[in-house]
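Please read all numbers here as calculations on a predicted model, not as lab measurements.
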Amino acid sequence: MLNQKRLWTKDFLFISLNNFFTFLSFYVLATAFPMFVKEDLKGNGQQIGLVITIFVIGNIGIRPFAGLWVDRYGAKKMFWIGFALFCGVSFTYLSATSLIYLLFALRFIHGLSHGLATTASNTLVTKLIPEKKLGQGIGYFSLFMSIAMVIGPALGLSIWERYGETGLLWCGAIIGLCSFIFAILTKGEPEEIKTFKNKKLEVRDFLEVKALPASIVVLLLAFSYSSLTSFLFLFAKENDLSHYTSIFFIVFALFILIPRPIVGKIFDAYGPNKLVVPAIVSFTIGMIILSQSTSGALLLVAAAFMGLGHGILVPAYQTIAMNAVSPERRGIAAATYFMLFDVGYGLGSYFLGVVSNSTGYRIMFMISAGIVLFSAIVFRFIISSKKNNETVSVH
(Lines give C-alpha, C1' and ligand atoms only; values in the text may rest on other atoms or scores of the structure.)
Protein backbone atom coordinates (compact mmCIF):
# COMPACT_ATOMS: atom_id res chain seq x y z
CA MET A 1 0.00 0.00 0.00
CA LEU A 2 1.43 3.38 -0.91
CA ASN A 3 2.09 5.52 2.18
CA GLN A 4 1.45 8.77 0.38
CA LYS A 5 -0.43 11.83 1.53
CA ARG A 6 -1.21 13.39 -1.83
CA LEU A 7 -4.04 12.21 -4.04
CA TRP A 8 -3.00 13.74 -7.34
CA THR A 9 0.21 11.86 -7.99
CA LYS A 10 1.55 11.06 -11.45
CA ASP A 11 0.34 7.47 -11.18
CA PHE A 12 -3.16 8.54 -10.15
CA LEU A 13 -3.36 10.90 -13.14
CA PHE A 14 -2.14 8.19 -15.54
CA ILE A 15 -4.59 5.54 -14.31
CA SER A 16 -7.44 8.08 -14.43
CA LEU A 17 -6.58 8.92 -18.05
CA ASN A 18 -6.42 5.20 -18.74
CA ASN A 19 -9.94 4.92 -17.29
CA PHE A 20 -11.13 7.73 -19.56
CA PHE A 21 -9.81 6.16 -22.77
CA THR A 22 -11.03 2.68 -21.79
CA PHE A 23 -14.64 3.78 -21.45
CA LEU A 24 -14.36 6.20 -24.35
CA SER A 25 -13.52 3.18 -26.52
CA PHE A 26 -16.53 1.27 -25.20
CA TYR A 27 -19.07 4.04 -25.75
CA VAL A 28 -17.72 5.14 -29.14
CA LEU A 29 -18.08 1.61 -30.48
CA ALA A 30 -21.30 0.77 -28.61
CA THR A 31 -23.05 3.71 -30.24
CA ALA A 32 -21.76 3.33 -33.79
CA PHE A 33 -21.29 -0.44 -34.19
CA PRO A 34 -25.04 -1.17 -34.54
CA MET A 35 -25.10 1.10 -37.61
CA PHE A 36 -21.91 -0.52 -38.90
CA VAL A 37 -23.54 -3.96 -38.64
CA LYS A 38 -26.77 -2.78 -40.26
CA GLU A 39 -25.43 -0.66 -43.11
CA ASP A 40 -22.04 -2.16 -43.96
CA LEU A 41 -22.36 -5.79 -42.91
CA LYS A 42 -26.10 -5.98 -43.83
CA GLY A 43 -26.93 -7.55 -40.48
CA ASN A 44 -30.49 -8.21 -39.35
CA GLY A 45 -32.15 -6.89 -36.18
CA GLN A 46 -30.94 -9.78 -34.04
CA GLN A 47 -27.35 -9.35 -35.22
CA ILE A 48 -27.49 -5.62 -34.54
CA GLY A 49 -28.40 -6.35 -30.92
CA LEU A 50 -25.78 -9.09 -30.62
CA VAL A 51 -22.91 -6.74 -31.41
CA ILE A 52 -23.47 -5.15 -27.98
CA THR A 53 -24.76 -8.20 -26.11
CA ILE A 54 -21.78 -10.41 -27.00
CA PHE A 55 -19.37 -7.80 -25.62
CA VAL A 56 -21.35 -7.63 -22.37
CA ILE A 57 -21.42 -11.46 -22.10
CA GLY A 58 -17.62 -11.55 -22.35
CA ASN A 59 -17.35 -8.72 -19.84
CA ILE A 60 -19.62 -10.41 -17.30
CA GLY A 61 -18.14 -13.88 -17.80
CA ILE A 62 -14.58 -12.84 -16.95
CA ARG A 63 -15.39 -10.70 -13.90
CA PRO A 64 -15.38 -13.39 -11.16
CA PHE A 65 -12.13 -14.88 -12.48
CA ALA A 66 -10.62 -11.41 -12.92
CA GLY A 67 -11.25 -10.60 -9.27
CA LEU A 68 -9.65 -13.89 -8.21
CA TRP A 69 -6.58 -13.33 -10.44
CA VAL A 70 -6.17 -9.74 -9.29
CA ASP A 71 -6.14 -10.73 -5.63
CA ARG A 72 -3.87 -13.74 -6.24
CA TYR A 73 -1.39 -12.49 -8.82
CA GLY A 74 -1.48 -8.73 -8.33
CA ALA A 75 -3.56 -5.88 -9.69
CA LYS A 76 -0.71 -4.33 -11.64
CA LYS A 77 0.17 -7.52 -13.53
CA MET A 78 -3.46 -8.15 -14.50
CA PHE A 79 -3.81 -4.46 -15.36
CA TRP A 80 -1.01 -4.61 -17.93
CA ILE A 81 -2.08 -7.99 -19.35
CA GLY A 82 -5.70 -6.88 -19.67
CA PHE A 83 -4.87 -3.69 -21.52
CA ALA A 84 -2.35 -5.37 -23.82
CA LEU A 85 -5.20 -7.66 -24.97
CA PHE A 86 -7.65 -4.74 -25.05
CA CYS A 87 -5.35 -2.75 -27.33
CA GLY A 88 -4.64 -5.74 -29.58
CA VAL A 89 -8.33 -6.42 -30.19
CA SER A 90 -8.94 -2.74 -30.90
CA PHE A 91 -6.56 -2.96 -33.86
CA THR A 92 -7.84 -6.38 -34.97
CA TYR A 93 -11.26 -4.83 -35.67
CA LEU A 94 -9.68 -3.35 -38.80
CA SER A 95 -9.74 -6.85 -40.32
CA ALA A 96 -13.47 -7.34 -39.64
CA THR A 97 -14.81 -4.99 -42.28
CA SER A 98 -16.73 -7.67 -44.17
CA LEU A 99 -17.12 -10.74 -41.91
CA ILE A 100 -19.89 -10.33 -39.34
CA TYR A 101 -19.07 -13.49 -37.39
CA LEU A 102 -15.43 -12.43 -37.08
CA LEU A 103 -16.71 -9.17 -35.64
CA PHE A 104 -18.81 -11.09 -33.10
CA ALA A 105 -15.79 -13.20 -32.08
CA LEU A 106 -13.69 -10.08 -31.63
CA ARG A 107 -16.47 -8.41 -29.62
CA PHE A 108 -16.48 -11.36 -27.21
CA ILE A 109 -12.68 -11.25 -26.77
CA HIS A 110 -12.86 -7.47 -26.41
CA GLY A 111 -15.43 -7.94 -23.65
CA LEU A 112 -13.17 -10.42 -21.86
CA SER A 113 -10.22 -8.02 -22.01
CA HIS A 114 -12.36 -5.09 -20.85
CA GLY A 115 -13.65 -7.06 -17.86
CA LEU A 116 -10.16 -8.14 -16.80
CA ALA A 117 -8.56 -4.75 -17.39
CA THR A 118 -11.19 -2.65 -15.60
CA THR A 119 -11.39 -5.01 -12.62
CA ALA A 120 -7.62 -4.64 -12.25
CA SER A 121 -7.63 -0.87 -12.75
CA ASN A 122 -10.39 -0.31 -10.21
CA THR A 123 -8.47 -2.41 -7.70
CA LEU A 124 -5.10 -0.85 -8.47
CA VAL A 125 -6.41 2.68 -8.08
CA THR A 126 -7.37 1.94 -4.46
CA LYS A 127 -3.70 1.12 -3.85
CA LEU A 128 -2.68 4.50 -5.30
CA ILE A 129 -5.10 6.51 -3.15
CA PRO A 130 -4.33 7.38 0.51
CA GLU A 131 -6.77 5.45 2.72
CA LYS A 132 -8.19 8.60 4.27
CA LYS A 133 -8.96 9.95 0.79
CA LEU A 134 -10.35 6.73 -0.70
CA GLY A 135 -13.79 8.14 -1.35
CA GLN A 136 -12.48 11.35 -2.84
CA GLY A 137 -10.06 9.44 -5.05
CA ILE A 138 -12.72 7.05 -6.33
CA GLY A 139 -14.95 10.05 -6.96
CA TYR A 140 -12.41 11.71 -9.25
CA PHE A 141 -11.36 8.40 -10.84
CA SER A 142 -14.98 7.60 -11.73
CA LEU A 143 -15.40 11.14 -13.03
CA PHE A 144 -13.08 10.29 -15.92
CA MET A 145 -15.32 7.32 -16.74
CA SER A 146 -18.43 9.53 -16.56
CA ILE A 147 -16.93 12.07 -18.95
CA ALA A 148 -16.13 9.25 -21.39
CA MET A 149 -19.72 8.00 -21.11
CA VAL A 150 -20.86 11.45 -22.17
CA ILE A 151 -18.33 12.16 -24.94
CA GLY A 152 -18.24 8.64 -26.39
CA PRO A 153 -21.69 8.36 -27.98
CA ALA A 154 -21.47 11.79 -29.65
CA LEU A 155 -17.92 11.12 -30.89
CA GLY A 156 -18.85 7.68 -32.21
CA LEU A 157 -21.77 9.02 -34.23
CA SER A 158 -19.78 12.00 -35.50
CA ILE A 159 -16.90 9.79 -36.70
CA TRP A 160 -19.34 7.37 -38.30
CA GLU A 161 -21.26 10.07 -40.17
CA ARG A 162 -18.14 11.82 -41.44
CA TYR A 163 -15.66 9.01 -42.12
CA GLY A 164 -17.66 5.78 -42.21
CA GLU A 165 -16.39 2.37 -41.13
CA THR A 166 -12.71 3.09 -41.77
CA GLY A 167 -12.73 6.21 -39.62
CA LEU A 168 -14.70 4.46 -36.88
CA LEU A 169 -12.39 1.42 -36.67
CA TRP A 170 -9.23 3.54 -36.73
CA CYS A 171 -10.70 5.80 -34.06
CA GLY A 172 -11.37 2.75 -31.87
CA ALA A 173 -7.84 1.45 -32.46
CA ILE A 174 -6.19 4.76 -31.54
CA ILE A 175 -8.30 5.11 -28.40
CA GLY A 176 -7.40 1.52 -27.41
CA LEU A 177 -3.71 2.35 -27.92
CA CYS A 178 -4.04 5.43 -25.68
CA SER A 179 -5.57 3.33 -22.91
CA PHE A 180 -2.66 0.87 -23.16
CA ILE A 181 -0.04 3.65 -23.11
CA PHE A 182 -1.44 5.14 -19.91
CA ALA A 183 -1.63 1.65 -18.40
CA ILE A 184 2.07 1.10 -19.04
CA LEU A 185 2.90 4.55 -17.64
CA THR A 186 1.12 3.67 -14.37
CA LYS A 187 3.87 2.16 -12.22
CA GLY A 188 2.88 2.26 -8.55
CA GLU A 189 4.95 0.26 -6.07
CA PRO A 190 5.84 -3.45 -6.05
CA GLU A 191 2.94 -5.54 -4.79
CA GLU A 192 3.12 -8.28 -2.21
CA ILE A 193 1.71 -11.36 -3.91
CA LYS A 194 0.19 -14.04 -1.73
CA THR A 195 0.59 -17.75 -2.33
CA PHE A 196 -2.40 -20.11 -2.37
CA LYS A 197 -0.99 -23.61 -2.27
CA ASN A 198 -3.47 -26.48 -2.10
CA LYS A 199 -6.37 -24.15 -1.45
CA LYS A 200 -9.74 -25.21 -2.77
CA LEU A 201 -11.69 -22.56 -4.59
CA GLU A 202 -14.78 -21.32 -2.79
CA VAL A 203 -17.68 -19.07 -3.72
CA ARG A 204 -16.04 -16.18 -1.85
CA ASP A 205 -13.08 -16.43 -4.26
CA PHE A 206 -15.37 -15.28 -7.07
CA LEU A 207 -18.03 -13.19 -5.32
CA GLU A 208 -17.79 -10.62 -2.53
CA VAL A 209 -21.03 -10.78 -0.53
CA LYS A 210 -20.26 -7.56 1.33
CA ALA A 211 -20.16 -5.67 -1.98
CA LEU A 212 -23.54 -7.02 -3.13
CA PRO A 213 -25.77 -4.29 -1.62
CA ALA A 214 -24.05 -1.47 -3.53
CA SER A 215 -23.77 -3.73 -6.58
CA ILE A 216 -27.52 -4.40 -6.62
CA VAL A 217 -28.47 -0.73 -6.59
CA VAL A 218 -25.91 0.11 -9.28
CA LEU A 219 -27.41 -2.73 -11.37
CA LEU A 220 -30.74 -0.90 -11.31
CA LEU A 221 -29.07 2.39 -12.24
CA ALA A 222 -27.17 0.76 -15.12
CA PHE A 223 -30.37 -0.92 -16.35
CA SER A 224 -32.06 2.46 -16.61
CA TYR A 225 -29.00 4.31 -17.93
CA SER A 226 -28.70 1.85 -20.82
CA SER A 227 -31.83 3.42 -22.31
CA LEU A 228 -29.88 6.65 -22.88
CA THR A 229 -26.90 5.16 -24.70
CA SER A 230 -29.03 2.72 -26.69
CA PHE A 231 -32.13 4.72 -27.63
CA LEU A 232 -31.68 8.47 -27.06
CA PHE A 233 -30.50 9.11 -30.62
CA LEU A 234 -33.38 7.13 -32.10
CA PHE A 235 -35.88 8.93 -29.85
CA ALA A 236 -34.45 12.33 -30.78
CA LYS A 237 -34.49 11.50 -34.49
CA GLU A 238 -38.10 10.32 -34.28
CA ASN A 239 -39.11 13.65 -32.71
CA ASP A 240 -36.99 15.92 -34.94
CA LEU A 241 -34.60 16.69 -32.09
CA SER A 242 -31.50 14.91 -33.38
CA HIS A 243 -29.51 18.18 -33.64
CA TYR A 244 -29.82 18.55 -29.86
CA THR A 245 -28.30 15.18 -28.94
CA SER A 246 -24.68 16.38 -28.88
CA ILE A 247 -25.69 19.35 -26.72
CA PHE A 248 -27.62 16.92 -24.49
CA PHE A 249 -24.43 15.04 -23.63
CA ILE A 250 -22.48 18.28 -23.11
CA VAL A 251 -25.07 19.45 -20.56
CA PHE A 252 -25.07 15.97 -19.02
CA ALA A 253 -21.28 16.21 -18.58
CA LEU A 254 -21.40 19.70 -17.09
CA PHE A 255 -23.85 18.64 -14.42
CA ILE A 256 -21.65 15.67 -13.57
CA LEU A 257 -18.71 18.06 -13.11
CA ILE A 258 -20.41 20.95 -11.29
CA PRO A 259 -21.31 19.21 -8.02
CA ARG A 260 -18.05 17.28 -7.64
CA PRO A 261 -16.26 19.75 -5.28
CA ILE A 262 -19.15 19.87 -2.80
CA VAL A 263 -20.46 16.29 -3.03
CA GLY A 264 -17.90 14.92 -0.59
CA LYS A 265 -18.58 17.58 2.03
CA ILE A 266 -22.32 16.88 1.95
CA PHE A 267 -21.71 13.15 2.13
CA ASP A 268 -19.35 13.48 5.11
CA ALA A 269 -21.71 15.79 6.98
CA TYR A 270 -25.02 14.00 6.44
CA GLY A 271 -24.25 10.43 5.30
CA PRO A 272 -25.47 8.44 2.28
CA ASN A 273 -29.19 8.90 3.00
CA LYS A 274 -28.99 12.65 2.49
CA LEU A 275 -27.03 12.39 -0.75
CA VAL A 276 -27.93 9.19 -2.61
CA VAL A 277 -31.70 9.34 -2.33
CA PRO A 278 -31.95 12.96 -3.64
CA ALA A 279 -29.59 11.96 -6.47
CA ILE A 280 -31.89 9.06 -7.36
CA VAL A 281 -34.84 11.46 -7.37
CA SER A 282 -32.92 13.89 -9.59
CA PHE A 283 -32.09 11.17 -12.12
CA THR A 284 -35.72 9.97 -12.06
CA ILE A 285 -37.07 13.49 -12.68
CA GLY A 286 -34.69 13.87 -15.60
CA MET A 287 -35.83 10.58 -17.12
CA ILE A 288 -39.49 11.61 -16.79
CA ILE A 289 -38.81 14.99 -18.42
CA LEU A 290 -36.94 13.20 -21.21
CA SER A 291 -39.90 10.92 -21.81
CA GLN A 292 -42.16 13.94 -22.34
CA SER A 293 -39.71 16.10 -24.29
CA THR A 294 -41.10 17.77 -27.39
CA SER A 295 -38.50 20.55 -27.61
CA GLY A 296 -34.76 20.98 -27.35
CA ALA A 297 -35.16 22.99 -24.15
CA LEU A 298 -36.92 20.13 -22.35
CA LEU A 299 -34.31 17.70 -23.62
CA LEU A 300 -31.53 19.80 -22.08
CA VAL A 301 -33.37 20.24 -18.78
CA ALA A 302 -33.63 16.45 -18.64
CA ALA A 303 -29.88 16.19 -19.28
CA ALA A 304 -29.16 18.51 -16.35
CA PHE A 305 -31.25 16.52 -13.86
CA MET A 306 -29.83 13.19 -15.02
CA GLY A 307 -26.23 14.43 -15.07
CA LEU A 308 -26.55 15.72 -11.51
CA GLY A 309 -27.98 12.41 -10.29
CA HIS A 310 -25.58 10.20 -12.22
CA GLY A 311 -22.54 12.22 -11.15
CA ILE A 312 -23.35 11.60 -7.50
CA LEU A 313 -24.57 8.00 -7.65
CA VAL A 314 -21.72 6.27 -9.49
CA PRO A 315 -18.86 7.28 -7.14
CA ALA A 316 -21.10 6.93 -4.07
CA TYR A 317 -22.06 3.34 -4.87
CA GLN A 318 -18.51 2.35 -5.79
CA THR A 319 -17.10 3.85 -2.60
CA ILE A 320 -19.69 2.00 -0.51
CA ALA A 321 -18.74 -1.27 -2.22
CA MET A 322 -14.99 -0.81 -1.79
CA ASN A 323 -15.30 0.44 1.79
CA ALA A 324 -17.30 -2.64 2.76
CA VAL A 325 -14.24 -4.91 2.45
CA SER A 326 -10.64 -5.07 3.62
CA PRO A 327 -7.95 -3.90 1.14
CA GLU A 328 -6.93 -7.47 0.22
CA ARG A 329 -10.53 -8.24 -0.87
CA ARG A 330 -10.93 -5.23 -3.15
CA GLY A 331 -10.19 -7.18 -6.31
CA ILE A 332 -13.16 -9.47 -5.69
CA ALA A 333 -15.27 -6.50 -4.54
CA ALA A 334 -14.50 -4.57 -7.73
CA ALA A 335 -15.28 -7.65 -9.83
CA THR A 336 -18.62 -8.14 -8.06
CA TYR A 337 -19.58 -4.48 -8.38
CA PHE A 338 -18.78 -4.17 -12.08
CA MET A 339 -20.19 -7.59 -12.91
CA LEU A 340 -23.60 -6.48 -11.64
CA PHE A 341 -23.20 -3.11 -13.36
CA ASP A 342 -22.56 -4.96 -16.64
CA VAL A 343 -25.51 -7.28 -16.01
CA GLY A 344 -27.78 -4.28 -15.48
CA TYR A 345 -26.51 -2.52 -18.59
CA GLY A 346 -26.78 -5.63 -20.76
CA LEU A 347 -30.25 -6.59 -19.54
CA GLY A 348 -31.43 -3.01 -19.87
CA SER A 349 -30.25 -2.69 -23.47
CA TYR A 350 -32.13 -5.85 -24.39
CA PHE A 351 -35.36 -5.63 -22.38
CA LEU A 352 -35.86 -1.90 -22.83
CA GLY A 353 -35.41 -2.47 -26.56
CA VAL A 354 -38.24 -5.02 -26.42
CA VAL A 355 -40.35 -2.52 -24.48
CA SER A 356 -39.66 0.28 -26.95
CA ASN A 357 -40.76 -1.91 -29.85
CA SER A 358 -44.09 -2.55 -28.12
CA THR A 359 -44.83 0.79 -26.47
CA GLY A 360 -42.59 3.41 -28.06
CA TYR A 361 -39.68 5.34 -26.60
CA ARG A 362 -41.70 7.64 -24.32
CA ILE A 363 -43.23 4.78 -22.33
CA MET A 364 -39.88 3.03 -22.30
CA PHE A 365 -38.21 6.06 -20.69
CA MET A 366 -41.03 6.27 -18.14
CA ILE A 367 -40.43 2.63 -17.20
CA SER A 368 -36.71 3.41 -16.88
CA ALA A 369 -37.59 6.26 -14.52
CA GLY A 370 -39.68 3.90 -12.41
CA ILE A 371 -36.80 1.44 -12.14
CA VAL A 372 -34.42 4.12 -10.86
CA LEU A 373 -37.01 5.36 -8.37
CA PHE A 374 -37.47 1.78 -7.15
CA SER A 375 -33.72 1.66 -6.46
CA ALA A 376 -34.24 4.32 -3.78
CA ILE A 377 -36.42 1.84 -1.89
CA VAL A 378 -33.81 -0.88 -2.35
CA PHE A 379 -31.08 1.47 -1.13
CA ARG A 380 -33.03 2.37 2.02
CA PHE A 381 -33.60 -1.27 2.89
CA ILE A 382 -30.25 -2.92 2.13
CA ILE A 383 -27.63 -0.16 2.48
CA SER A 384 -28.94 2.72 4.57
CA SER A 385 -27.74 2.19 8.14
CA LYS A 386 -26.01 3.98 10.95
CA LYS A 387 -22.84 2.03 10.24
CA ASN A 388 -22.74 3.08 6.56
CA ASN A 389 -23.49 6.69 7.46
CA GLU A 390 -20.45 6.73 9.69
CA THR A 391 -17.95 4.86 7.51
CA VAL A 392 -18.40 5.63 3.84
CA SER A 393 -17.34 8.78 2.04
CA VAL A 394 -17.05 10.06 -1.50
CA HIS A 395 -14.73 12.93 -0.67
Side-chain angles (χ1 to χ4, degrees), residues 27 30-31 146 149-150 153 214-239 241-242 244-245 247-256 258-259 272-317 340-384:
Y27 286 103
T31 304
S146 298
M149 292 167 73
V150 170
S215 303
I216 290 170
V217 287
V218 87
L219 180 152
L220 296 172
L221 177 65
F223 190 102
S224 178
Y225 177 78
S226 70
S227 65
L228 282 183
T229 56
S230 300
F231 305 109
L232 176 64
F233 291 101
L234 296 173
F235 169 75
K237 186 175 181 180
E238 185 179 90
N239 291 276
L241 298 172
S242 57
Y244 285 100
T245 51
I247 304 175
F248 175 96
F249 283 108
I250 292 173
V251 173
F252 191 97
L254 287 175
F255 277 83
I256 287 176
I258 288 171
N273 289 346
K274 301 295 184 181
L275 187 66
V276 171
V277 173
I280 290 173
V281 172
S282 177
F283 194 92
T284 302
I285 291 172
M287 191 67 75
I288 292 172
I289 294 173
L290 173 62
S291 72
Q292 303 304 310
S293 293
T294 56
S295 67
L298 279 177
L299 205 66
L300 300 184
V301 170
F305 275 100
M306 283 188 283
L308 181 63
H310 190 277
I312 293 172
L313 292 173
V314 170
Y317 290 154
L340 266 69
F341 183 97
D342 294 338
V343 168
Y345 187 87
L347 291 177
S349 297
Y350 177 78
F351 285 108
L352 292 176
V354 173
V355 170
S356 67
N357 284 336
S358 302
T359 66
Y361 296 117
R362 295 190 187 277
I363 299 297
M364 182 267 293
F365 285 129
M366 285 293 291
I367 292 173
S368 298
I371 291 169
V372 176
L373 190 59
F374 173 71
S375 73
I377 300 173
V378 177
F379 175 82
R380 297 283 295 198
F381 273 101
I382 69 173
I383 293 181
S384 178

For [X] and [Y], take the angle between the two ring planes, folded into 0 to 90°, and tell me which bin it lands in: parallel under 30, tilted 30 to 60, perpendicular over 60.
{"X": "Y27", "Y": "Y225", "answer": "perpendicular"}
{"X": "Y361", "Y": "F365", "answer": "tilted"}
{"X": "F283", "Y": "H310", "answer": "tilted"}

Using atom types as modelled and distance alone, determine if a side-chain donor or acceptor of [X] lies under 3.5 Å from a backbone N or O of [Y].
{"X": "S282", "Y": "A279", "answer": "no"}
{"X": "T359", "Y": "V355", "answer": "yes"}
{"X": "S293", "Y": "I289", "answer": "yes"}
{"X": "S224", "Y": "L220", "answer": "no"}

From [atom1] ([X]) to [atom2] ([Y]), nearest 0.5 Å:
{"X": "F235", "Y": "S356", "atom1": "CZ", "atom2": "OG", "value": "12.0 Å"}
{"X": "F379", "Y": "L313", "atom1": "CZ", "atom2": "CG", "value": "9.0 Å"}
{"X": "I288", "Y": "M306", "atom1": "CD1", "atom2": "CE", "value": "10.5 Å"}
{"X": "F248", "Y": "L300", "atom1": "CZ", "atom2": "CG", "value": "8.5 Å"}
{"X": "N239", "Y": "L234", "atom1": "CG", "atom2": "CG", "value": "11.0 Å"}
{"X": "T294", "Y": "L241", "atom1": "OG1", "atom2": "CG", "value": "7.5 Å"}

Among L298, I285, L228, whose side chain to side chain contact (heavy atoms under 4.5 Å, CB included) with L290 holds? L228

F223 and F351, any side-chain heavy atoms less than 4.5 Å apart: yes

Ring centers of F252, F305 separated by less than 6.0 Å: no

